[in-house]
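Heads up, the thing below is written out as structure tokens.
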Amino acid sequence: MPPHPSQADGLRASYATLGTAPLSEDVLAAAVFGAKGMAPSDPRCLRIELEPLAGAGLSEVWQGDGRMRIGTAGPIRYVEDGRHLAGWIDLEEAGFHGLDEAAEAAYLGLLQFHATTPYRHVWRIWSFVTGINEGVGDDERYKQFCLGRARAFAAVHATLPGIGYPAATAVGKPTGPRSLQICWLAGRDPGVEIETPRQLAAYRYPRRYGPAAPSFSRAMLVPGLLLVSGTASIVGHESVHPGDTIAQLHETLDNIDALLKSAGEVAARPVPRLSPESLLKVYLRHAADAAPVVQQLHARLGEQLPLVILAADICRDELLLEIEAVVPA
Ligand code: 3EB
């Protein structure tokens, strides 16, 4: 492994109250949650239209190395610091024949853009899909999203060897006109994909989950950080504990524990742990579950762990929550 830089000069993430004061020079991007979240007027701020259920007023701030350059490329807006790039795309679906085409266009645009930049390695992607559980069978919107995304990855894998699957989150925006918002982080340095024996790799899910498997890895180990994908109450490939939010919470945390262990083995360094230096984000289907979820998280992980809970639909109907994390590693 290459020597990993101290956190102070690599990519790092925190939750912070932004208000309207200017962002510091080393901010790569700041995600502001919900309609009411306050943010300075700065092209490095993007709004995520999911309402906070815990951690209201906190934004997710990614800091990089020194001065930022801001740019656009077609529908892509980005910020780069010489070593890292944060990008995002907002697409209205009305201009496409279906969500599969919109997802294919967005992902192809993103992946082809990176093939032309020095930030060759896409580490982490978030996708926010309106009405993710609408539609039946293979027409369910999440499955259509996966189909378009898989076509884009297949096209790029056919021409660019060595491109893998980034860590990811894909959740539903409960309201609003149908649109697809995609945000991502990329770097000059390659990341290492991490999987866990507790869960089948998502890109190997069997046919019953849709015409194309989801294109993501469970976590990405990058210099200084483990970027943990959205993780749910799935063992092997099957959802477990339907209808029981708290049981799903603990199964999900067991999955994340297993991932951290796998990451430590792959990196041949001490296993990273969830700690007050980590970030945890919960996407929660039912707002009424927020209080018991916070209570269980505090009991299991301590009250100092930085936490935001956002109201969102999860990609399978029976899943009631999804949890992602950023862990110094
Ligand atoms: C899962 O493990 C739960 O399609 O990008 C989690 C993280 C999930 C990312 C995605 C889906 C995605 O299958 C759902």
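In each ligand, atom 1 is the first atom listed, and ligand 1 is the first ligand listed. Throughout, residue positions are numbered sequentially from 1 according to the sequence presented.
Contacts classified as salt bridge (charged side-chain N to carboxylate O under 4.0 Å, His left out) and involving residues 282-297 (residues at least two apart or in different chains) are given here: Arg285-Asp313.
Residue-level contacts of ligand 1 at the 4.0 Å heavy-atom threshold are Tyr142, Arg149, Ala168, Thr169, Ala170, Tyr205, Pro214, Phe216, Arg218, Gly230, Ile234, Cys315, Glu322.
Under the 4.0 Å criterion applied to side-chain N and carboxylate O atoms, Asp189 and Arg120 are not assigned as salt-bridge partners.
For Tyr119 and His84, the side-chain atoms include no donor-acceptor pair closer than 3.5 Å.
Cation-pi geometry between Arg149 and Tyr203 is not met at under 6.0 angstrom from the ring centre and within 45 degrees of the axis.
With Leu280 as reference, Leu274 is the one residue of Val327, Leu274, Val228 to meet the side-chain contact (heavy atoms from CB on, under 4.5 Å) rule.
Note: Phe153 and Tyr107 have tilted aromatic rings, judged against thresholds of 30 and 60 degrees for the angle between ring planes.
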